[in-house]
Amino acid sequence: MEIPEGEKMTRVNNWQLRREMDYPYKESRPDRQFAAVFNINRCIGCQTCTMACKSTWTFNKGQEHMWWNNVETKPFGGYPQHWDVKLLEKLGPQKWEKGEGDSGKTYQGKTIFEAAPKGEVALGYLPEDKEWRFPNIYEDTSTPWKDKATLPSHDTFFFYLQRICNHCTYPACAAACPRKAIYKRKEDGIVLIDQERCRGYRKCVEQCPYKKPMYNPQTRISEKCIACYPRVEQDTVTRCIAACVGKIRLQGWINLPEKIEADNPMDYLVHVAKVALPSYPQFGTEPNVFYIPPRWVPRGYLKQLFGPGVENAIERYSDPDPDLLGLLQLFGTTQQIIEKFRVTEKDAIGYDAHKREIIRVPLEDPIVIRPPIYHNIT
Amino acid sequence: MTALLMASVLTSLNVNAQTSLDPPLESKAITERIPLDPDIDLWQTATPLQVPLAWQNTTKPMLLGPSISDLTLRSMNNGTWIGFLIEWKDPTRDSTVLHTEDFRDSVAIAMPVLDEPQPPFLGMGESDKPVNILHWRSDWQQDIDSRLQELEDANPNLWVSYYPFADTASLESIPPVANFSQAFVTGWAANNPLSNPFKETPVEDLVAEGFGTLTTQKSQDVIGRGTWDEEGWNVVIARPLATSDPSDAQLQPGGLKKISFAVWEGSANEVDGKKSFSNWHTLSVAGRGAIDGESAAQMVEGADGVFLFWREIVIGVVFLFSIAVLIIAVSPKFYRRAKA
């Protein structure tokens, strides 16, 4: 990334906002971009992903409070506490272009870069230690009980939000770091903090809207989710994705909407079927983790969180076509990164980068009737 | 661009731009060792220079209003070493960074590495015109004065049942970070000086060629000591006048050097570019010749411990090796084998 003259903002293209926006560096997309889709509808909040990450990367002294992967109960939970509502409040009410249909709407509000206060790169805040202390606060806490349930969404609701670093195309952490200790890798788009160059200024902690860089008081510098890059370098999915017992996660590589490969699982879910949406796209960092929104949650809340594509995503997910149905069967079935997929009448098949088949699952499991000898045995 | 930025810096100064009439910082020639203790009376014999500070608002993150308004400077040299006493008012002592919201008090000296008529850009130097930075940190000082500040100092009720890869003698207490495998203490494993639990000096020797380029030098040639009283900080920074390191600014008795200062107020969350800083001033090193017959390392009080440390280790290793050779040489086994 080149630094523009006079540290002025440049204009870059953000496909999630369907417009150009301000960013301190020139647009420089990686050769390929790490991406993942999390299906919120399937998550049971077991935190196996959280523990897989913890036991791999953040088990040491100084990292006690760090959960590079966390699962929080929305709408009240948050790690750090109220990270999203605090920033939304600072940003103030913003608007998407009005119109029928869910896709193709332009963001008319301000991003965190465009709303930056004087002397700062982006709008943000620095959470204090106490805000990081209760990573699962308000677990399973729903909104106030209403007498009657309604369809399609329930007024009384909660759901789990699975969070890792979004490895954004326009990372606010990298933009905010005054000494360029944060970099986005050209080969896979993974965003990393250079542990040798970081000097613990905490500008990344302050200005990442998703609050995924974290301060290590023992080393006096900051750390963040590394997308398990040593695994990704060997075409293996991250620990949180591999460990998911609910099979809610799928990892891959995402292209720009004008360069869609329909047999690429990420492109299909995000650009073709449009069932998977970025979280808080209005912040303007172009995050690369996408969510299939929960069907039972009031749409207004979901639109604030996932943007204007919510109605369409839920509609497609509720009545999936055969390709989508097949692709959903491939979630969590292999530790290898599925780069291409194909759905036949019987099977969904995943392929690696060399088009070698790595996984095949039936669209319908065969029915097996147990003989009476096994009845009542668990 | 540089000229524009320079103009911007100068207009941002809340004082009149310095003129050639401004008095220089006189480094007094003495024949004693440079005292590392700021409270030693000898410092009071040096002529003080009060320099006004401006807030940095050229590059982000910026300081947008007044903070620490001025520094009082004194300097002394004995022909081999030079010392600076920097004092400023600060009623809050911020010498811990154990919480996410903690920021440290600190002070830094900048000097151009090259001797050119026009000093480099005041904001961290510029490409091919490096500046040598000597950065004293209050948290490093506290680590050295007592012991390394650890997580449990800020969180006394912390209890962790198990750390893998740590030397945990007992579950009753949290082991110090030095007992952990360095490979898993990431900053330390990456040789980041901020993360190193074994600090020898509270001052870091750095070099920069513009915003965002600040880099720790391979050769650390500076020591110091800071104390805080109810009124503020008194910090001594000392180094040899001349070093063999090409990244260091070189000084000599009778010579002149451009010098600038920056200070951070931890309780106001000041860090990095969010700082108060001075214009370039002139440092005038008075010369009266070095003390004869003593090594440079002894030219400053307290330096012996740091710079003679490695020499002692080498002497120790050589001594132990000699003993081992002697033991082998006199052992009957050795002779038996030699005979066979």
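Bear in mind the structure is a predicted one, so any value in this text is a computation, not a measurement. All chains are named by letter (A, B, ...) in the order of the sequence lines, taking the proteins before the strands, and each is independently numbered beginning at 1.
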*Close approach to chain B in residues 122-129 of chain A, criterion heavy atom under 4.5 Å*: A/L126, A/P127, A/E128, A/D129
*Below 4.5 Å from any heavy atom of chain A, which atoms of B/L64 appear? Answer side chain, backbone, both or neither.*
side chain
*Contact class of A/W57 relative to chain B, heavy atoms under 4.5 angstrom*: neither
*Roughly how far apart are B/Y163 OH and A/N60 CG, rounded to 0.5 Å?*
8.0 Å
*Drop me the distance from B/T216's OG1 to A/E196's CD, to the nearest 0.5 angstrom.*
8.0 Å
_Heavy-atom proximity to chain A below 4.5 Å, by part of B/E204_ = side chain
*asked:* Please report the interatomic distance CD1(A/I221) to CG(B/N192), rounded to the nearest 0.5 Å.
replied: 4.5 Å
*Measure B/T213 against the heavy atoms of chain A and call it side chain, backbone, both or neither at under 4.5 Å.*
backbone
*Give, for atom OG1 of B/T186 and atom CD of A/Q63, the distance between the pair rounded to the nearest 0.5 Å.*
6.0 Å
*What residue in B/V97, B/L98, B/N155 has the most heavy-atom pairs under 4.5 Å with chain A?*
B/V97
*Any donor-acceptor N/O pair, A/T219 side chain to B/G187 backbone, under 3.5 Å*: no
*What's the spacing between A/E131 CD and B/T100 OG1 if we round to 0.5 Å?*
9.0 Å
*Out of curiosity, A/R199 CZ to B/T215 OG1, how far, rounded to the nearest 0.5 Å?*
8.0 Å
*Ion pair present between B/E152 and A/K61, side-chain N to carboxylate O less than 4.0 angstrom?*
yes
*Between chain B and each of A/C198, A/G62, A/G200, count heavy-atom pairs under 4.5 Å; write down the option with the most.*
A/C198
*Is B/D139 salt-bridged to A/R220, cutoff N-O under 4.0 Å?*
yes
*Give me the one residue out of B/F184, B/Y162, B/F180 that meets ring pair (Phe, Tyr, Trp, His ring centres under 6.0 Å) with A/F59.*
B/F184
*Residues forming a ring-ring contact (aromatic ring centres under 6.0 Å, His included) with B/F103, sequence neighbours excluded*: none
*Under 4.5 Å from a heavy atom of chain B, the part of A/K130 involved*: neither
